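Below: the structure, in structure tokens.
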There are 2 protein chains.
Amino acid sequence: MAALPSGVLGALDPTSDRAVFRQIADQLREAIDKGRFKEGAKLPSEAELTEHFGVSRMTVRNSLSILQSEGLVSSEHGRGVFVRPRPPVRRLASDRFARRHRDQGKSAFTVEAEAAGSRPEVDSLEVREERSTPEISARLGSARKVLARRRRYLMDGKPVEFATSYLPLDIARNTPIAEPNPGPGGIYARLEELGHRLEHFDEEVRARMPAPDEVKTLRLASGVPVIHLVRTAYDTEGRAVEVCDTVMAADAYVLAYQLPAT
Amino acid sequence: MAALPSGVLGALDPTSDRAVFRQIADQLREAIDKGRFKEGAKLPSEAELTEHFGVSRMTVRNSLSILQSEGLVSSEHGRGVFVRPRPPVRRLASDRFARRHRDQGKSAFTVEAEAAGSRPEVDSLEVREERSTPEISARLGSARKVLARRRRYLMDGKPVEFATSYLPLDIARNTPIAEPNPGPGGIYARLEELGHRLEHFDEEVRARMPAPDEVKTLRLASGVPVIHLVRTAYDTEGRAVEVCDTVMAADAYVLAYQLPAT
DNA sequence: TAGTGGTCTAGACCACAGC
DNA sequence: CTGTGGTCTAGACCACTAA
């Protein structure tokens, strides 16, 4: 027989208009918010909740699916439902592409991750020439074909970000930029060596729920949105020399920017 | 009797490992992506899908709930399930707080919305003195009490953003900033008149799923995340003079920033 | 009034985790 | 092996929308 959950859950209000499964979700949410279930803790099992509230299993599962879509809990087959721990957050500062951060042997991602005490990793490396899409063309100019550099970033084994850089072929072809490892300082350092001194970057930030392939690539728990960031790099002549399309697990990031008041 | 859905949906693959409700969701998602169901179009009813795929109603509902949590569709009681139309997007430019945008009779929000052909509205106005929270104190300095200005922004009747500004009492008390309507140019114009010439703003951007009260305030469809933006304004003496905490419907915004390359 | 989605029941069998 | 969540059925009654 299933044991009754501790004492943290009350009774339903049968006079309430609020649906039973919502009332159960409300109680569990409140218990989580107030710390009666801590991060990583296991919620009562479906059987226990079923018995405690005197409802059918589907009603309980319905409640849990609400909390899951809110990103509060995640279920593990055969183990239970757990309060979702918040992963360490990567803070992206507005000066992260400043030249002074580039003159090193390692990539910005590696340096920063190690400073934070995490184990950085880059995989799914792919470099190839592709037909440009309308979106990329609109930003890069009229290049029909582009060099695409795809890679995935992980922290301590957890995927956090998936990025694709697009560069005009007339700039990147037959240069270190077309190599899997472009060398110290990354492609921005190489662009400057090729005479494209960088002047500024434009970034566009959106948030949305992930598509199924993004859930897979980033191993996202349900209830975790993605931040979609599109960055365009401009050289001192005003030419767009790179577009970087990035999809990030939203629970792993905070973006910091500085705006002028003038 | 329910009519069969057009011809856009195929059959299930009984040999597949993939759960039936996922297969159904996949088919519907593909049909939406390929435009076989357009924006705002009604999907086949649950009864039609039940009959077409030969499964129980709960299985069909399970499929639809996946699409709903992905933000692809939204259901309307008594009417049907519809492909969710994308609302017009507000683009927040990085120079939106530049001084030159302030010297007008209307607020930045109003000016910008009218330029975009929308009907702007501000409600839920509340101005009061409050105890500061640790988060606010960390940004504003050690002020124990602050002036809080709360308001909700709507475009064409749809809530898009909910914001609270916090200001140190020693700056804001007994000034136009403590009035419901602070006058032309908003509180930033008033701060400068009071001798706090603004130097720059820091913004922190996060994305997450909304809490239940945010769903209510912003009338969010399920599957729509929020962008959580915290802005701190600094004057030329380096003092933090305002913290603005904003929660935005993520489907209504794109944030644009400019980063220096130096 | 007919058709739609919203809620709920009481079962069933399965796959996975962990002892 | 037991307990867990994952999937699925075949009903039921309700509330809302629109003709």
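Here is how names work: the chains are called A, B, and so on, in the same order as the sequence lines, proteins then strands, and each is numbered from 1. Note that the coordinates shown come from a computational prediction; the quantities given were computed from them, not determined experimentally.
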query: Looking at B:Asp251, B:Thr246, B:Leu218, which one forms a side chain to side chain contact (heavy atoms under 4.5 Å, CB included) with B:Val226?
result: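 That would be B:Leu218; it is the only one of B:Asp251, B:Thr246, B:Leu218 passing the side chain to side chain contact (heavy atoms under 4.5 Å, CB included) with B:Val226.
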Would you tell me if any nitrogen or oxygen in the side chain of [X] comes within less than 4.0 Å of OP1 or OP2 on [N]?
| X | N | answer |
| --- | --- | --- |
| A:Thr59 | C:dT9 | yes |
| B:Ser75 | C:dT4 | no |
| B:Ser45 | C:dG3 | no |
| B:Arg79 | D:dC16 | no |

When the distance from [atom1] of [X] to [atom2] of [N] is rounded to whole Å, what number comes out?
| X | N | atom1 | atom2 | value |
| --- | --- | --- | --- | --- |
| B:Asn62 | C:dC8 | CG | P | 16 Å |
| B:Arg61 | C:dT9 | CZ | C1' | 15 Å |
| A:Leu43 | D:dT4 | CG | C1' | 13 Å |
| A:Asp17 | C:dT7 | CG | C1' | 13 Å |
| B:Met58 | C:dT9 | CE | P | 12 Å |
| B:Phe21 | D:dC8 | CZ | C1' | 10 Å |
| A:Leu64 | D:dT4 | CG | C1' | 12 Å |
| B:Phe82 | D:dT17 | CZ | P | 11 Å |

- prompt: Can you find a side-chain donor-acceptor pair between B:Arg151 and B:Ser165 that sits under 3.5 Å?
  reply: yes
task: Hey, which sits more toward the 5' end of DNA chain C by its nearest nucleotide, A:Arg57 or B:Gln68?
output: B:Gln68
message: For A:Lys216, I'd like to know if atom NZ has over 12 heavy atoms of other residues, nucleotides or ligands within 6.0 Å.
response: no
- prompt: Should we say atom CZ of A:Arg131 is surrounded by more than 12 heavy atoms from elsewhere, each under 6.0 Å from it?
  reply: no
query: Which listed nucleotide (D:dG6, C:dG5, D:dT9) is nearest to the side chain of B:Arg22?
result: D:dG6
query: Is A:His77 stacked on the base of D:dG6, meaning ring centres closer than 5.5 Å and planes within 30 degrees of each other?
result: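 Per 5.5 Å and 30° rule: no stacking.
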- prompt: Charged N to carboxylate O under 4.0 angstrom, A:Arg29 versus A:Asp26?
  reply: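 Here A:Arg29 pairs with A:Asp26 in a salt bridge, since their nearest N and O are under 4.0 Å apart.
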